[in-house]
Amino acid sequence: IKNKKSCTCQYLAIKISRDMQNTLTCVDVHGDKHQVPVADISWQPGVYAIVTHDGNILLSEQHGKEKYVLPGGAPELGEALEDAVIRETEEETGIQVANPRLLACSSNLFILPGIEKPVHSIQIFYQCEFVGGELSMDGLDDFEKTWSGSPKWLPLDNLDSIKSGSSFEWHSVVPKR
């Protein structure tokens, strides 16, 4: 948009604004906004799994009690996105999944927890089939364990009341039953 001081776009209910000083507003996991120079922001792709089983959805507790996120994370360099979502789900939850099906993509500007690094995230959401496994945090490294809590199966019927522990709104990408 030419000759406008700022432009606001909405990606999954997260407002991202840019002003003439080349800064962007990034949101942290607590919902606080931070003005960050564009030069300090890096790209961060992320893949996220939506896994349902027996009327429940697989989530991980994060950033405080009773706040949850979808399992997922960054693909490794050269890794296929579908392979990454399968790997990340098992690492973070102990649950094996298969046959990822692309559901949605979004964009978000946020501050990575723990290292306070601003990123422009491209988020790719997949519906995955439950294969098996037991809930576990054994696949998390020590850094991930500082902000990630236990994975849980929570009732899909309670989806609207489950609080997000993320800087992006993931509820809207979960298919309605």
Side-chain angles (χ1 to χ4, degrees), residues 11-14 16 24 26-30 34 36-53 56-64 67-154 162 164-175:
Y11 299 103
L12 291 178
I14 302 298
I16 303 168
L24 293 172
C26 293
V27 180
D28 65 24
V29 296
H30 307 291
H34 306 269
V36 178
V38 171
D40 292 350
I41 300 172
S42 61
W43 286 100
Q44 178 73 46
V47 293
Y48 300 91
I50 297 166
V51 184
T52 58
H53 181 65
N56 297 303
I57 185 167
L58 180 63
L59 298 170
S60 290
E61 191 171 23
Q62 299 218 333
H63 307 291
K67 291 185 178 181
Y68 297 91
V69 297
L70 296 168
E76 296 174 0
L77 192 58
E79 183 178 31
L81 298 176
E82 295 81 1
D83 292 340
V85 76
I86 291 169
R87 175 185 53 76
E88 284 284 348
T89 302
E90 186 167 6
E91 283 178 4
E92 292 186 2
T93 68
I95 299 300
Q96 293 105 31
V97 297
N99 303 317
R101 183 175 56 86
L102 181 65
L103 284 180
C105 297
S106 69
S107 175
N108 184 16
L109 292 168
F110 70 98
I111 308 290
L112 283 172
I115 59 173
E116 306 310 311
K117 177 162 180 41
V119 296
H120 184 170
S121 177
I122 305 301
Q123 301 150 333
I124 305 157
F125 300 93
Y126 290 91
Q127 176 81 51
C128 298
E129 294 175 13
F130 172 78
V131 173
E134 297 293 326
L135 294 174
S136 169
M137 293 176 48
D138 291 345
L140 297 177
D141 63 34
D142 289 337
F143 173 71
E144 291 171 318
K145 288 178 183 177
T146 64
W147 47 265
S148 185
S150 299
K152 296 181 176 158
W153 290 105
L154 297 176
I162 297 171
S164 178
S166 173
S167 62
F168 65 91
E169 179 50 58
W170 51 264
H171 292 80
S172 63
V173 298
V174 176

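One is the number of the first residue; the rest follow in order along the sequence. The figures that follow rest on heavy atoms only: side chains count, while hydrogens, waters and symmetry mates do not.
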Using modelled atom types only, decide if a donor and an acceptor are shared between the side chain of [X] and the backbone of [Y] within a distance under 3.5 Å.
{"X": "Gln127", "Y": "Ile50", "answer": "yes"}
{"X": "Ser60", "Y": "Val69", "answer": "no"}
{"X": "Glu92", "Y": "Gly72", "answer": "yes"}

Approximate separation, where rounding is to 0.5 Å, of [X] [atom1] and [Y] [atom2]:
{"X": "Leu24", "Y": "His34", "atom1": "CG", "atom2": "NE2", "result": "13.5 Å"}
{"X": "Leu59", "Y": "Lys67", "atom1": "CG", "atom2": "NZ", "result": "14.5 Å"}
{"X": "Ile162", "Y": "Lys152", "atom1": "CD1", "atom2": "NZ", "result": "11.0 Å"}
{"X": "Gln123", "Y": "Glu169", "atom1": "CD", "atom2": "CD", "result": "11.0 Å"}
{"X": "Cys128", "Y": "His53", "atom1": "SG", "atom2": "NE2", "result": "14.5 Å"}
{"X": "Thr93", "Y": "Leu58", "atom1": "OG1", "atom2": "CG", "result": "4.5 Å"}

Side-chain H-bond candidate by donor/acceptor type, Ser150 with Glu61, under 3.5 Å: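 Judged by distance alone, the side chains do not pair up.
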In the structure I gave you, are the side-chain heavy atoms of [X] and [Y] within less than 4.5 Å of one another anywhere?
{"X": "Gln44", "Y": "Lys117", "result": "no"}
{"X": "Thr52", "Y": "Phe130", "result": "no"}
{"X": "Ile86", "Y": "Tyr126", "result": "no"}
{"X": "Trp153", "Y": "Ile95", "result": "yes"}
{"X": "Ser166", "Y": "Gln62", "result": "no"}
{"X": "Val47", "Y": "Leu81", "result": "yes"}
{"X": "Ile122", "Y": "Cys105", "result": "no"}

With a 6.0 Å cut-off (strictly less than), is the heavy-atom count around CD of Glu134, excluding the residue itself, greater than 12? no
For a quick test of reading the model, state the closest non-hydrogen atom pair linking [X] to [Y] and the distance between them.
{"X": "Pro118", "Y": "Asp40", "answer": "CG-O, 3.4 Å"}
{"X": "Ile41", "Y": "Cys26", "answer": "CD1-SG, 4.1 Å"}
{"X": "Pro151", "Y": "Ser136", "answer": "CG-O, 3.7 Å"}
{"X": "Phe110", "Y": "Ser121", "answer": "CE2-CB, 3.3 Å"}

